Number of protein chains: 2
Amino acid sequence: MKRTTSKRLVTISDVAQSAGVSKATAARVLGSYGTASPVVKEKVREAARKLGYQANELARSMTTGKSKTIGVIVGDIENPYFGQAVRGISDAAHAAGFDVILSNSGEDAAKEKAAVRVLMGKRVDGLIVTPASVYETQHLHEVQRSGRPLVLLDRTIPDLAVDAVVTDDRQAAEAATRALIEAGHRRIAYISATESDDPIYRGPHQINLSTVMERIKGVVAASLSAGIEHPERYIRLGANRRGEGDKIISELLQGADRPTAILASDNVVALEVFKTLRRLGMSIPQDLSLIAFHDADWTSVTSPPITVIAQPVYDLGFESAQILVRRITGVGDAPRCRVLATTLIKRQSIGAPPEIQENRAVFQNNAAKIG
Amino acid sequence: MKRTTSKRLVTISDVAQSAGVSKATAARVLGSYGTASPVVKEKVREAARKLGYQANELARSMTTGKSKTIGVIVGDIENPYFGQAVRGISDAAHAAGFDVILSNSGEDAAKEKAAVRVLMGKRVDGLIVTPASVYETQHLHEVQRSGRPLVLLDRTIPDLAVDAVVTDDRQAAEAATRALIEAGHRRIAYISATESDDPIYRGPHQINLSTVMERIKGVVAASLSAGIEHPERYIRLGANRRGEGDKIISELLQGADRPTAILASDNVVALEVFKTLRRLGMSIPQDLSLIAFHDADWTSVTSPPITVIAQPVYDLGFESAQILVRRITGVGDAPRCRVLATTLIKRQSIGAPPEIQENRAVFQNNAAKIG
DNA sequence: TTGACATATGAGACCGGTCTCAAATACGCT
DNA sequence: AGCGTATTTGAGACCGGTCTCATATGTCAA
């Protein structure tokens with residue numbers, strides 16, 4: 001039995017020998033269970049201090065069947081959105097006496113599967129997962145079948161009967177679309193970072209994530225309600241970080257009957273819009289109005305400040321962890337989906353569409369000629 | 001022995017029974033070691049599939065003394081800087097056959113200590129830590145003493161002889177300061193988010209992090225070289241997320257002999273500068289020039305785009321993990337500190353100080369009167 | 001001092017996997 | 001069929017902690 005990690009760590013047996021008591025007594029003191037006399041307690045603690053004893057949670061978990069640890073798999077470790085959610089998770093978990101360990105899927109279903117395997121292998125007491133796909137979910141079904149509690153964060157999976165905590169993406173998209181319609185827009189694009197081979201939206205089969213589908217439904221519903229025909233013609237997918245954003249956005253804005261407003265799925269897409277507009281010599285909101293999902297720190301200091309859909313991300317995380325802790329503790333009622341509200345924060349990135357501004361200018365020119 | 005987690009998971013013994021072989025044979029097949037006949041292999045694998053066997057890595061690690069897992073403790077999970085570093089760590093670790101689990105210290109030494117305890121308890125093969133303080137390091141010394149490999153990411157600890165990977169913060173700060181001096185600035189502030197009771201810099205005893213100390217040294221050295229006296233009078237600390245940033249920045253900018261340029265320690269501080277300037281009715285770069293550490297996505301789309309010190313964060317992470325893997329594998333040479341270079345990316349946030357612009361305006365007025 | 005009762009302690013089984021080595025089995029040749 | 005050799009298999013010890021229960025020890029009252 002070879003150990004490439006250089007030194008065997010100090011065990012309870014070492015401490016027991018040093019303190020002159022049995023392994024069982026030393027374990028009682030160091031594990032804070034059972035009884036021990038004050039004299040023995042002090043002797044054991046002193047020996048542990050001197051030897052540098054560090055508990056082996058592996059052994060403890062093997063025996064107790066519990067790790068007091070929650071495993072969390074986030075979609076994109078580089079996205080501060082998930083950072084905030086993790087802060088909420090950590091706060092709720094720690095308040096309930098649980099530790100949190102994280103893993104990152106990078107929005108890739110295979111990596112998510114590997115992360116689930118790692119965390120299950122470490123026998124975490126429960127899992128919080130932001131699913132990377134509604135199509136590749138076998139590994140999550142297996143978690144459910146194993147009996148280990150699972151909560152979905154931010155996104156749902158239709159045929160997986162587990163708890164979920166999400167924001168009301170449909171209502172958010174409807175509200176944003178209505179705000180743009182009230183400002184005069186009839187050609188409104190929704191641009192999403194979600195992976196897709198074909199950037200042009202053709203139907204639900206292209207959509208991996210529940211959040212994206214809900215938002216599309218919201219945009220389409222609000223547009224149809226306002227009498228706008230074929231609103232889905234302005235929906236684009238795949239505008240993610242790998243340089244596709246600029247291409248998709250510029251093709252859209254340089255096409256016939258271009259949209260006069262964009263609803264961006266997240267801050268990544270909003271940034272791409274900014275960069276593309278600068279390159280095309282267009283400006284917000286004179287040439288294009290913009291609303292973005294998520295109120296990142298910097299969205300209020302751009303010129304102009306961006307109108308955003310603020311999401312209660314910390315609460316998402318906090319609630320997820322609370323529900324999971326309840327499940328771990330043994331609550332067995334039916335799984336449910338908790339839906340949190342969003343807030344539309346109006347800043348200066350919404351204006352009238354360009355053609356309405358031109359009509360106003362023509363009208364003023366005519367008035368000057370008459371007067 | 002009570003198990004609140006509802007179901008005992010499937011073990012190798014269950015699979016062995018189902019396949020009609022011994023536990024040792026089933027283990028050989030499922031653990032991919034030793035030998036087994038092709039017929040037995042197929043029987044065991046089929047039984048494992050049917051029963052939903054998921055390896056217990058706790059048991060495996062206990063026996064082998066290895067977990068093939070790297071533990072990472074980041075300073076601030078909400079900062080995309082650390083997200084990028086984690087991506088580098090993950091890529092290098094996975095290439096070497098290791099898994100990565102994360103924990104967040106929130107730049108709090110007590111939380112870092114707890115995170116170290118959790119990850120050491122889980123017997124990770126090694127640790128990568130972004131230390132939250134150069135003063136509270138006992139827990140990291142204990143890691144070192146235990147023989148478990150440890151690499152410091154981004155920041156060093158002076159009396160801890162372990163490997164570290166950092167950026168050249170001193171040289172970065174010198175280069176940025178020189179760029180501002182060349183643009184005419186003689187009053188240059190360095191504003192840091194690092195925790196401090198007193199926002200006014202009085203000496204090294206206030207500084208928790210090696211990066212901050214190095215940057216201060218760089219700003220001061222470049223200023224003194226250019227004949228600027230008492231450059232440290234414009235150094236401010238504690239401008240973090242909790243609302244102190246606005247107060248510190250506005251007091252500084254509204255004081256006598258206010259600075260005409262700011263070097264911001266990170267994007268958080270740069271954002272605070274933007275917000276405060278807007279509130280005070282001042283603009284970049286006419287009233288104040290700005291350079292920020294770290295080239296975040298959004299720094300190139302503000303108006304004006306910000307001059308930044310780009311840091312090779314992914315490489316920081318990647319190198320850290322490579323060094324750690326070598327240590328885990330048994331390399332025993334002397335610990336070393338690997339220093340990576342930064343790049344100054346000039347955009348439009350640097351201009352001449354306001355008083356030089358005024359002198360130019362006066363000179364042009366005089367020329368018009370003559371001509 | 002003795003007996004009753006409460007508290008502290010130690011021995012041994014167990015968690016689920018790995019590893020070693022002896023025994024069983026398989027295979028090929030005479 | 002028997003023998004020699006190679007391969008496969010199973011039994012049991014072990015990792016480091018927890019838990020149960022029998023035994024030892026301590027305390028108090030008669």
Side-chain angles (χ1 to χ4, degrees), chain A residues 1-5 7-44 48 51-69 117 120-123 125 146, chain B residues 1-5 7-44 48 51-69 117 120-123 125 146:
Chain A
M1 184 164 62
K2 304 187 309 178
R3 292 174 179 251
T4 50
T5 306
K7 250 161 90 176
R8 186 188 61 103
L9 296 169
V10 174
T11 67
I12 278 180
S13 293
D14 302 323
V15 176
Q17 190 168 22
S18 177
V21 298
S22 73
K23 177 180 140 189
T25 296
R28 266 187 282 264
V29 175
L30 297 176
S32 303
Y33 62 91
T35 53
S37 70
V39 173
V40 167
K41 277 183 184 177
E42 184 49 40
K43 278 206 298 187
V44 169
L51 294 175
Y53 170 74
Q54 299 183 70
N56 185 338
E57 295 292 335
L58 305 186
R60 181 167 281 156
S61 301
M62 280 205 35
T63 310
T64 60
K66 306 188 309 185
S67 61
K68 298 297 285 185
T69 308
R117 176 186 53 77
M120 289 294 287
K122 291 196 187 300
R123 296 298 193 260
D125 291 329
S146 77
Chain B
M1 184 162 65
K2 306 188 311 183
R3 291 175 177 249
T4 50
T5 306
K7 251 161 86 180
R8 186 189 61 103
L9 296 170
V10 174
T11 66
I12 279 179
S13 293
D14 301 322
V15 176
Q17 191 168 20
S18 178
V21 298
S22 74
K23 178 179 141 190
T25 297
R28 265 188 283 265
V29 175
L30 298 176
S32 303
Y33 62 91
T35 53
S37 70
V39 172
V40 167
K41 277 184 184 176
E42 184 51 38
K43 279 206 298 187
V44 170
L51 294 177
Y53 169 73
Q54 298 185 71
N56 185 338
E57 294 292 336
L58 305 186
R60 182 167 280 156
S61 301
M62 281 208 30
T63 309
T64 62
K66 306 187 308 185
S67 61
K68 299 297 288 185
T69 307
R117 174 186 55 75
M120 289 294 287
K122 290 194 187 302
R123 295 298 192 264
D125 292 328
S146 76

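Numbers restart at 1 for each chain; the letters A, B, ... are given by sequence-line order, proteins then strands. All figures in this text were calculated on a predicted structure; none of them were measured in a lab.
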[X] has an atom [atom1]; how far is it from atom [atom2] of [N], in whole Å?
{"X": "B:Asn56", "N": "C:dC14", "atom1": "CG", "atom2": "P", "value": "18 Å"}
{"X": "B:Lys122", "N": "D:dG17", "atom1": "NZ", "atom2": "C1'", "value": "14 Å"}
{"X": "B:Arg8", "N": "C:dC14", "atom1": "CZ", "atom2": "P", "value": "14 Å"}
{"X": "A:Lys41", "N": "C:dT7", "atom1": "NZ", "atom2": "P", "value": "13 Å"}
{"X": "A:Met62", "N": "C:dG16", "atom1": "CE", "atom2": "C1'", "value": "4 Å"}
{"X": "B:Ile12", "N": "D:dG10", "atom1": "CD1", "atom2": "C1'", "value": "15 Å"}
{"X": "B:Lys66", "N": "C:dT18", "atom1": "NZ", "atom2": "P", "value": "12 Å"}
{"X": "B:Leu58", "N": "D:dT18", "atom1": "CG", "atom2": "C1'", "value": "14 Å"}

Exercise. Side-chain contact test, heavy atoms from C-beta onward, threshold under 4.5 Å: evaluate it for A:Thr69 versus A:Glu57 and give yes or no.
Key: no
Can you tell which of [options] lies closest to the side chain of [X]?
{"X": "B:Thr64", "options": "C:dC19, C:dG17, D:dG16", "value": "C:dC19"}
{"X": "B:Ser37", "options": "D:dT9, D:dG17, D:dC15", "value": "D:dT9"}
{"X": "B:Ala24", "options": "D:dG12, C:dA8, D:dT9", "value": "D:dG12"}
{"X": "A:Lys23", "options": "C:dG17, D:dG16, D:dG17", "value": "D:dG17"}

Exercise. With B:Tyr53 as reference, evaluate B:Val44, B:Leu9, B:Leu30 under the side chain to side chain contact (heavy atoms under 4.5 Å, CB included) test and give the passing residue.
Key: B:Leu30
Practice problem: Indicate, with a heavy-atom threshold strictly under 4.0 Å, whether A:Thr35 touches base, sugar-phosphate, or nothing. | Solution: base
Self-check item: Donor-acceptor under 3.5 Å (A:Ser67 side chain, A:Ser61 main chain)
Solution: no
Please tell me if [X] has a side-chain N or O lying less than 4.0 Å from either OP1 or OP2 of [N].
{"X": "B:Thr25", "N": "D:dG10", "answer": "yes"}
{"X": "A:Tyr33", "N": "D:dT18", "answer": "yes"}
{"X": "B:Ser22", "N": "D:dT9", "answer": "no"}
{"X": "B:Ser61", "N": "C:dG17", "answer": "no"}

Self-check item: Shortest non-hydrogen contact from B:Arg8 toward B:Asp14
Solution: NH2-OD2, 3.3 Å
Atom [atom1] in [X], atom [atom2] in [Y]: separation rounded to 0.5 Å?
{"X": "B:Gln54", "Y": "B:Asn56", "atom1": "CD", "atom2": "CG", "result": "10.5 Å"}
{"X": "A:Met62", "Y": "A:Thr64", "atom1": "CE", "atom2": "OG1", "result": "10.0 Å"}
{"X": "B:Lys122", "Y": "A:Lys122", "atom1": "NZ", "atom2": "NZ", "result": "8.0 Å"}

Please tabulate the protein-to-nucleotide N/O contacts below 3.5 Å involving nucleotides 21-24 of chain C, giving atom names and distances.
none

Could you tabulate the donor-acceptor pairs under 3.5 Å formed by side-chain atoms of residues 19-27 of chain A, not counting sequence neighbours?
from: A:Ser22; atom 1: OG; to: A:Ala24; atom 2: N; distance (Å): 3.4
from: A:Ser22; atom 1: OG; to: A:Thr25; atom 2: N; distance (Å): 3.1
from: A:Ser22; atom 1: OG; to: A:Thr25; atom 2: OG1; distance (Å): 3.2

Practice problem: Test for a donor-acceptor pair under 3.5 Å between the base of C:dG17 and the side chain of B:Thr63, counting only N and O atoms. | Solution: yes
